[in-house]
Amino acid sequence: MKRRPQPRRTYSLLAVLAASPTEPTPVASRTYQLTRMYAGLRAIEQDQEPSTEDWRLCSDAVNLLETLVQHGHVQDGSGLLMDAVTALAMAGRRHRAGGAIRLDGAGILAVRAVLEDYSAALEQLPHRTMVQAHRATEVRISEIHAGKRRAHDVEVMAL
């Protein structure tokens, strides 16, 4: 039986230990993450042909916030988390069917609200909590791709 190679993780266990257990994510890291995520949303809203990377950046924010909510670190302040999941899933399916990666108006609002909630979490939660959430999210996504889905999980693509 052939083993699948383990995907490369963004953060190692050493990174978890090195991250501050009390201070929020450093400003430079927050700015980098959020700039890329908001640029992905802007591309989906406005670019002629948004890329799969744009979609992935928005999906990362949604998945990370979902992990934070599931682990009890934050609440879904906007109440739009599942709407954002659904909107991105629909955009991914549309792309797989040959269309452009696009969100409808409600989807744009939901993803934007989730990005705002994620931004607030980055500013308030300890850096270690955010790194642990990132690692947990990557494990969950790997499980989804391996076929180990939970009732609400959506696997859209290998874009």
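- Under the 4.5 Å side-chain heavy-atom criterion for Ile, Leu, Val, Met, Phe, Trp and Tyr, L109 and V85 are members of distinct hydrophobic clusters.
- If you take CG on L88 and CH2 on W55, they are separated by 6.5 Å, rounding to the nearest 0.5 Å.
- You'll find the side chain of H73 stays beyond 4.5 Å of the side chain of T67, heavy atoms only.
- Taking CD1 of I108 as the reference point, atom CG of L41 lies at 7.0 Å (rounded to 0.5 Å).
- What you find for A84 and A110 is that their closest heavy atoms are N-CB, 3.6 Å.
- Scored by the side-chain hydrogen bond (donor to acceptor under 3.5 Å, both in side chains) test, N63 finds no partners at all (sequence neighbours excluded).
- Using modelled atom types and a 3.5 Å distance limit, the side chains of Y11 and Q132 yield no donor-acceptor pair.
- Listed for the R30 side chain is no donor-acceptor partner under 3.5 Å among the backbone atoms of S119.
- Cluster membership for V74 and M37, using ILVMFWY side-chain heavy atoms within less than 4.5 angstrom, is shared.
- Not one N or O on the side chain of R94 forms a donor-acceptor pair closer than 3.5 Å with the backbone of G99.
- Residues P126 and S20 come closest through the heavy atom pair CB-O, 3.9 Å.
- L125 and V16 are not part of a single hydrophobic cluster, where members link through side-chain heavy atoms under 4.5 Å apart.
- Of the possible polar contacts, one joining the S142 side chain to the E138 backbone as a donor-acceptor pair under 3.5 Å is found.
- Between the D76 side chain and the L81 main chain, a donor and an acceptor come within less than 3.5 Å of each other.
- I141 and V131 sit in two unconnected hydrophobic clusters of ILVMFWY residues. Membership requires side-chain heavy atoms under 4.5 Å apart, directly or through other members.
- Residues V139 and R9 have side chains in contact (heavy-atom distance under 4.5 Å, counting atoms from C-beta outward).
- In this structure, V62 and Y118 have side chains that are not in contact, with every pair of non-hydrogen atoms separated by 4.5 Å or more.
- Judged by distance alone, with hydrogens and angles left aside, the side-chain atoms of R128 form no donor-acceptor pair with the main-chain N or O of T22 at under 3.5 Å.
- The shortest heavy-atom contact between P50 and A43 is CG-O, 3.4 Å.
- Contact annotation: the side chain of H134 approaches that of L64 to within less than 4.5 Å [non-hydrogen atoms, C-beta and beyond].
- When hydrophobic clusters are built by joining Ile, Leu, Val, Met, Phe, Trp and Tyr residues whose side-chain heavy atoms come closer than 4.5 Å, directly or via intermediates, L57 is not grouped with V114.
- We find the CE-CZ distance between M90 and R102 to be 14.0 Å, quoted to the nearest 0.5 Å.
- Within the structure, the salt bridge (charged side-chain N to carboxylate O under 4.0 Å, His left out) test picks out the following pairs touching residues 41-59 (sequence neighbours left out): R36-E53, R42-D47, E45-R112, E53-R56, R56-D60.
- For the atom pair I44 CD1 and H95 NE2, the distance stands at 11.0 Å (nearest 0.5 Å).
- To the nearest 0.5 Å, atom CG of residue L122 and atom NE2 of residue H127 are 8.5 Å apart.
- In the model, E116 has no side-chain atom that pairs as donor or acceptor with a side-chain atom of S78 under 3.5 Å.
- Separating the OG1 atom in T25 from the CE atom in M130 is a distance of 5.5 Å, to the nearest 0.5 Å.
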